Structure formats: C-alpha cells, structure tokens
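All values reported here derive from a predicted model rather than from experimental measurement. The figures here come from the full heavy-atom set of this structure, side chains too, leaving out hydrogens, waters and symmetry mates.
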Amino acid sequence: MTTPAIQTFEPDGRAIGYIDEGEGPALVLIPETGEDIGSLGTLASILVEEDFRVVRLAPLDAAADAGDLARTVVDVMDAVGLDHAWIGGHGFGATVARALPGANHDRVDGVLLLAPEPADIALADDIPVLIIHGTDDDDAAIAESARLLASAPTIASVRTVDGAGHLFPATHPGETSWFIEDYLDWD
C-alpha cells in the first residue's frame, strides 16, 4: 500500500492540508485537536478499500469559530470537486462537522460524529447523523452522544465501541469502519 500524499490548498492565504483518496460515495473526515492528518489514516484506508472516497483534513484551529472552520471544509470540498458528502469528525472535528449543515445544508448528505464533544450546536433536523463513541472514553463523555440521540431520535443513531477510549478510530479502525459501512449501506 502506498502512503497518500498530503496536498495543500491555499484559499485567501490559508494553508489547508488534506488527503483525497478513493472513488465512490464521499466522506470528509476532520481529526481531533492535537492529532495529525494520519490519525484517521487506517480508518480511511479501510473505507477506501470498501469503495468510499475519503477526504481527510489536517487538524483545524480549535480556537477559531466552528462556523468559520465549516467554511474551510466547504472550501476544500470545492477544491476537490465535491458537491456533497457525508461530513465526519473526531472530538473537536465532530464539532465542526455539526456546524457545517447550518450554512451549507445542501452540501451535507449526513453527519458522522466520532466521540463528539459538548457544543452549543443543534443537529440539523433533516440530515441523518451517525454517532460512534468508545465506552471507555475519558476525554469526551459518552453522555454527550446520549444527549445528541435524545435531542434528535428520528435522525440520529448511536453505536458504541466496547472497551475503547477516545482514540478508538485509530485503535479500533475495523469496528469503526464496519459501523460506518453498515449505517451508510454502501456495500
């Protein structure tokens, strides 16, 4: 397997690193703060092998406004020719993923939240949401996933990775990818 090259997109003087790989239905992945672009690499590789197109972003600035960061995600989508995609994020990346439908509803097929952090951002009421959380996550309380499910039971689903901590997308990529493939039914 070859290691995909990191591309850099520079709109308005901002340097945004990303990796675009695979063909098929698209999923954009935003990593957790403090993790690098490779932190979701094994998960992305499995999904690419299952005929997904995965665009991984480099970590975004957690000090910036989530709405501005959502615009950054859309800028990358435009740069790689994605009209629409599932938008997923891990930890703080999940906060950005939740913000994206606000001003870009037509670009979002669904939202994938991996260990979401508490944020004052409501789920869009008509976009499907898959939430995956490790049962032993000490960084982002699993109660946030339960709260999100309770706030939107008709559009949200929660799956748990038993015995997994906060970094479950890296430590349990097979189980995480299975939940994604099963939910999206892209087999």
Side-chain angles (χ1 to χ4, degrees), residues 4-11 14-62 64-117 119 121 123-124 126-132 148 155-157 159 168-170 173 176-177 179-181 183-186:
I6 298 173
Q7 313 268 338
T8 302
F9 174 60
E10 298 187 36
R14 298 173 289 147
I16 305 162
Y18 69 92
I19 295 173
D20 182 5
E21 54 190 328
E23 295 181 21
L27 172 62
V28 176
L29 290 175
I30 308 160
E32 169 67 287
T33 302
E35 296 297 315
D36 64 23
I37 196 167
S39 67
L40 298 173
T42 302
L43 174 62
S45 293
I46 294 168
L47 293 171
V48 166
E49 287 182 23
E50 295 299 325
D51 299 322
F52 286 71
R53 179 179 180 188
V54 180
V55 178
R56 287 184 281 145
L57 274 63
L60 301 174
D61 181 2
D65 175 73
D68 292 341
L69 295 175
R71 181 70 238 164
T72 296
V73 174
V74 171
D75 289 343
V76 172
M77 289 173 66
D78 289 343
V80 300
L82 282 179
D83 293 330
H84 57 90
W86 269 77
I87 309 299
H90 178 222
F92 176 72
T95 301
V96 177
R98 282 165 56 182
L100 210 123
N104 305 282
H105 190 273
D106 60 326
R107 307 293 298 271
V108 181
D109 295 334
V111 176
L112 170 64
L113 305 177
L114 306 170
E117 299 176 344
I121 301 170
L123 298 175
D126 60 345
I127 293 177
V129 179
L130 173 60
I131 305 162
I132 306 174
L148 288 168
I155 61 163
S157 295
R159 303 290 183 268
F168 70 86
T176 304
S177 69
F179 286 140
I180 296 167
E181 293 170 58
Y183 186 83
L184 300 179
D185 197 27
W186 286 347

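- Pairing each heavy atom of Arg107 with each of Asp78, the nearest pair is NH2-OD1, 2.7 Å.
- Side-chain contact between Asn104 and Met77: absent, with no pair of heavy atoms (C-beta onward) separated by less than 4.5 Å.
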Item to complete: Could you go through the side-chain contact (heavy atoms from CB on, under 4.5 Å) check for Leu114 and Phe168 one step at a time?
Response: CA-CA 9 Å; Leu114 306 170; Phe168 70 86; 4.0 Å; yes
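- Once rounded to the nearest 0.5 Å, the distance linking CZ of Arg98 with CG of Leu113 reads 6.5 Å.
- When all heavy atoms of Ala94 and Pro116 are compared, the closest pair comes out as CB-CA, 3.9 Å.
- Contact check for Leu123 versus Val111: no side-chain heavy atoms found under the 4.5 Å cut-off.
- The CD1 atom of Ile132 sits 10.5 Å away from atom OH of Tyr183, with the distance rounded to the nearest 0.5 Å.
- Judged by distance alone, with hydrogens and angles left aside, the side-chain atoms of Glu32 form a donor-acceptor pair with the main-chain N or O of Phe92 at under 3.5 Å.
- Checked by atom type and distance alone, the side chain of Arg159 never pairs as donor or acceptor with a backbone atom of Phe179 at under 3.5 Å.
- The side chain to side chain donor-acceptor pair (under 3.5 Å) search around Thr72 returns Arg14, not counting sequence neighbours.
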Worksheet item: Going through the distances and angles, do Leu40 and Glu35 end up as a side-chain contact (heavy atoms from CB on, under 4.5 Å)?
Response: CA-CA 9 Å; Leu40 298 173; Glu35 296 297 315; over 6 Å; no
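- One finds the CD atom of Glu181 at 10.0 Å from the CD atom of Glu49 (value rounded to the nearest 0.5 Å).
- A distance-only check finds no donor-acceptor pair linking the side chain of Arg56 to the backbone of Leu29 [under 3.5 Å].
- Residue Asp20 is tested with Val55, Val28, Val54 for a side chain to side chain contact (heavy atoms under 4.5 Å, CB included); the sole match is Val55.
- Nearest heavy-atom pair, Leu60 versus Val73, reported as atom, atom and distance to 0.1 Å: CD1-CG2, 4.3 Å.
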Worksheet item: Step by step, would you call Ile180 with Leu43 a side-chain contact (heavy atoms from CB on, under 4.5 Å)?
Response: CA-CA 10 Å; Ile180 296 167; Leu43 174 62; 4.2 Å; yes
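- Contact record, Ala70 with Leu100: O-CD1, 3.5 Å, taken as the closest heavy-atom pair.
- Rounded to the nearest 0.5 Å, atoms CD1 (Ile87) and CD1 (Ile30) are 6.5 Å apart.
- Closest of all the heavy-atom pairs between Leu130 and Trp86 is N-CZ3, 4.3 Å.
- Of all the heavy atoms in Ala62 and Thr33, the pair that sits closest is CB-OG1, 3.5 Å.
- Scored by the salt bridge (charged side-chain N to carboxylate O under 4.0 Å, His left out) test, Asp68 finds no partners at all (sequence neighbours excluded).
- With rounding to the nearest 0.5 Å, the separation of CD in Gln7 from CD1 in Ile16 is 13.0 Å.
- Shown are Pro25, Pro173, Ser177; of these, the side chain to side chain contact (heavy atoms under 4.5 Å, CB included) with Leu47 is made only by Ser177.
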Worksheet entry | Working for side-chain contact (heavy atoms from CB on, under 4.5 Å), residues Leu27 and Leu112 | CA-CA 9 Å; Leu27 172 62; Leu112 170 64; 4.2 Å; yes
